[in-house]
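Since the structure comes first, as structure tokens, the remarks are kept for the end.
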Number of protein chains: 2
Amino acid sequence: MTTLKQVADRAGVSSATVSKVLSNTPYVSADTRARVLKAVEELGYVPNLAARALARGRTYNIGVIFPLIYTSIFTDPQTLSILEGVETVINERGYNILITTPKMPVQQSDQYRRLVQSRYCDGLILLENLPDELMSSFVASHNYPFVAIGYQSLEDKSNTIRIDDYHGAYQAAKHLADLGHRNIGIIAVGPVSMFSISERLRGYRDALASAGIDFDRLPVACGSFSIESGAQALRQLLKADPRPTAVLCVTDLMSLGAINAAKSAGLNVPRDLSIVGFDDIPLAIHIDPPLTTVRQPSRQLGETAANLLLDILEKKQTTFDPVVLPTQLILRGSTAPVRSA
Amino acid sequence: MTTLKQVADRAGVSSATVSKVLSNTPYVSADTRARVLKAVEELGYVPNLAARALARGRTYNIGVIFPLIYTSIFTDPQTLSILEGVETVINERGYNILITTPKMPVQQSDQYRRLVQSRYCDGLILLENLPDELMSSFVASHNYPFVAIGYQSLEDKSNTIRIDDYHGAYQAAKHLADLGHRNIGIIAVGPVSMFSISERLRGYRDALASAGIDFDRLPVACGSFSIESGAQALRQLLKADPRPTAVLCVTDLMSLGAINAAKSAGLNVPRDLSIVGFDDIPLAIHIDPPLTTVRQPSRQLGETAANLLLDILEKKQTTFDPVVLPTQLILRGSTAPVRSA
DNA sequence: AAACAATAGTTAAGCGCTTTACGGTTAGTA
DNA sequence: TACTAACCGTAAAGCGCTTAACTATTGTTT
């Protein structure tokens, strides 16, 4: 392994000078600079990042902590889009990305604690969606720079970025109400409580209330994010009396299961049953019927989070006010007006 | 931030002793050990990993390099499963995982070179699937420990692990031939050439040859991994004369598109057209009709790769012979006997 | 021509940890 | 009892890099 010293010897300068050249510090003559760069080239020198990290007090690592809830984050399209956005920005801006997916309870995860306490990263991006598993306060108490994606309950709620779950859900529910549906089944997630899901449910509730529908009298079934669990939930909802004419589903993946189950039960979607999802996963447009759903800018969420964190680290700003990205109702073929009985 | 020195002072010993305690070196009295651990506890001490890395010459980072081909790796279910397997093992065994998805051409990617040359990781896991973008030789030339997932062209082909694309494809094609299909369309991927895809095509070719079918006279269309591209490819195949009665598709995602397109064209799958995929993505069982496909143990691929790499790093072994994991044909509803005209 | 500023490069002190070499004890053995 | 061997703990060097502090040179200003 070539070291700074070897480059310095070859270029006939001190190692401090080489360091200066490599970090673009001013006050190095063009001639020296050239000699140094030549030596670097010839020796194929690349700085030892561990040494640099120690000396500079910065690792150029960004930690990404995405707790796994029901399933691996690697099977959840939304989380992946976020991750994709994060990865792009972090790498473009010259940092490394270090991923951890601790199991619950997060606080007891070795990985998690190791990462936070060893300060092996310059900053952290947290997926903060579980009221019982909040990381921000712990991380903040270590004076660790971070950005939380989701909801968090620090006093000031700063450094948080999320999508507008509430209004997205509101629109979805309003859409069904506008189509004349009154008897609407809900597919939620349980028993683990998640901020985003609660907000979506709150959106449904308020929208339906505006249409004179009492959310609390509606049939509710809980899934666990998977397609299959959505199918099961729908089967359960179909037992309700009177049978729902529409279903609000808090995630797209479960909507797929619901549509399958509805078809298997001999129902035509949307004629007999309208279904609306949430997320707008890439697949949503390819299923039959194409899914009416709420689009959320997941990739942008990741990009923004990463950019904000790096801006903070690079002192371009200190903290930032909560950012809320808008959602959008996408009308496709899985919803239709209620048929008069 | 608490340092070793502070712990040492509090425990009334030298920092060397603290270091010994923390690394379980023998010859420390139970009493001293207890005092040290107490001080560690009280101060909430956690070692600075950058300093440790510098002193030990090991970072406990494992780099994962998955080049992005047509799309982000974050949208490819197979890659994700591999990643999931890798992540699980790496974290369980106390390492950190550092992910990079360089754009092509890989060799010119800054991220890629930075990671390889700075030796910031103890070892690398490479997704090696592109003949024109081979990384192993470059990495090996840096004396960097690595494991390649896929196909690579180092002389000895050691330290490679992959699935049995050839036999999986062979079985898929044989299945169609056994059902009486003679006129079979192929949905491949192009124009970028990939080892795994070539092997699958070779499997098709040999199986069909055994059944007396000349692969070269079969209609072929190329997609680009996405669902939509699969749909387009199928539309193209349907123009062939005579129209194929079955389609072999090199990936499941494109099979989904193909099924959709077939339906849109008024064809019944499998009655009018049999379709068989490759991968067995989670969704395969949930579509209509459920997809006949070839299952590959992607997660296990990732786990094995990670375990082998760590074994090498921990000197449990040096190199290993190529590992080939078996594939399995999964019969579902998208294939049926050919109808006599 | 004196005073100062800007430029170019060096020295040396760390960053926080690991580890070798070594001194001092204590126990075991002949 | 003397000698070895196993223990326990410390001092100090060093991993490879950065960066203040410093010297020396050249250029600029009045």
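Hydrogens, waters and symmetry mates are skipped; everything else that's a heavy atom, side chains included, is used.
OP1 or OP2 of dG9(D) has at least one side-chain nitrogen or oxygen of Thr32(B) nearer than 4.0 Å. Regarding contacts with the backbone of dG9(D), a side-chain N or O of Ser29(B) is found under 4.0 angstrom from either OP1 or OP2. Side-chain N/O atoms of Tyr27(B) include none lying less than 4.0 angstrom from OP1 or OP2 on dT10(D).
No engagement by Pro26(B) is indicated, since no non-hydrogen atom pair under 4.0 Å with the nucleic acid exists.
Here the closest heavy-atom approach between residue Phe138(B) and residue Ser141(B) is recorded as O-OG, 2.6 Å. Taking both residues in full, the closest heavy atoms of Ile62(B) and Cys121(B) are given as C-SG, 4.0 Å, listed atom of the first, atom of the second, then distance. A pairwise comparison of heavy atoms in Leu54(A) and Ala51(B) identifies CD1-CB, 3.6 Å as the closest pair. Between Pro322(B) and Ser158(B), the shortest heavy-atom contact is CD-CA, 4.3 Å.
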Output one letter per nucleotide in nucleotides 22-29 of chain C: B when a protein non-hydrogen atom lies under 4.0 Å from the base, S when only the sugar-phosphate is that close, - when neither is. --------

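Less than 4.0 Å separates DNA chain D from at least one heavy atom of each of the following residues of residues 16-25 of chain A: Ala16(A), Ser19(A). The stretch residues 52-61 of chain A touches DNA chain D through Arg52(A), Ala55(A), Arg56(A), each having a heavy atom under 4.0 angstrom from the strand.
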How far apart are the C-alpha atoms of Thr319(B) and Asn159(B), what are their side-chain angles, what is the distance that settles it, and do they pass the side-chain hydrogen bond (donor to acceptor under 3.5 Å, both in side chains) test? CA-CA 6 Å; Thr319(B) 55; Asn159(B) 292 32; 4.5 Å; no

List the steps and the verdict of side-chain hydrogen bond (donor to acceptor under 3.5 Å, both in side chains) for Tyr120(A) and Asn61(B). CA-CA 11 Å; Tyr120(A) 196 39; Asn61(B) 285 158; 3.1 Å; yes

Could you walk me through whether Arg162(A) and Asn129(A) pass the side-chain hydrogen bond (donor to acceptor under 3.5 Å, both in side chains) test, one step at a time? CA-CA 10 Å; Arg162(A) 61 178 174 86; Asn129(A) 203 356; over 6 Å; no

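Under 4.0 Å is where a charged nitrogen must lie from a carboxylate oxygen, and between Lys103(B) and Asp110(B) no such pair does.
With Ile82(A) as the partner, the side chain to side chain contact (heavy atoms under 4.5 Å, CB included) test is satisfied by one option alone out of Asp76(A), Val64(A), Ile125(A), Ile149(A): Ile149(A). Each of Val89(B), Leu308(B), Ile90(B) was checked for a side chain to side chain contact (heavy atoms under 4.5 Å, CB included) with Glu303(B), and the lone residue meeting it is Val89(B).
More than 12 heavy atoms of other residues, nucleotides or ligands shown are found within 6.0 angstrom of CZ on Arg58(A).
If you measure from atom NZ of Lys5(B) to atom C1' of dT18(C), you get 16 Å, rounded to the nearest angstrom. When rounded to the nearest whole Å, the span between CG of Leu49(A) and P of dC15(D) equals 18 Å. Here dG16(D) presents its P atom at 15 Å from CG of Leu43(A), a figure rounded to the nearest Å. One interatomic measurement links the two molecules: CG of Asp31(A) to C1' of dA8(C), which rounds to 11 Å at whole-angstrom precision. dT18(C) atom C1' lies 13 Å from atom CG of Asn48(B), rounded to whole Å. In this structure, Leu4(A) atom CG and dT18(D) atom C1' are separated by 9 Å, rounded to whole Å.
Nearest-nucleotide assignment on DNA chain D puts the 5′-proximal partner with Ser14(B), out of Ser14(B) and Ala51(B).
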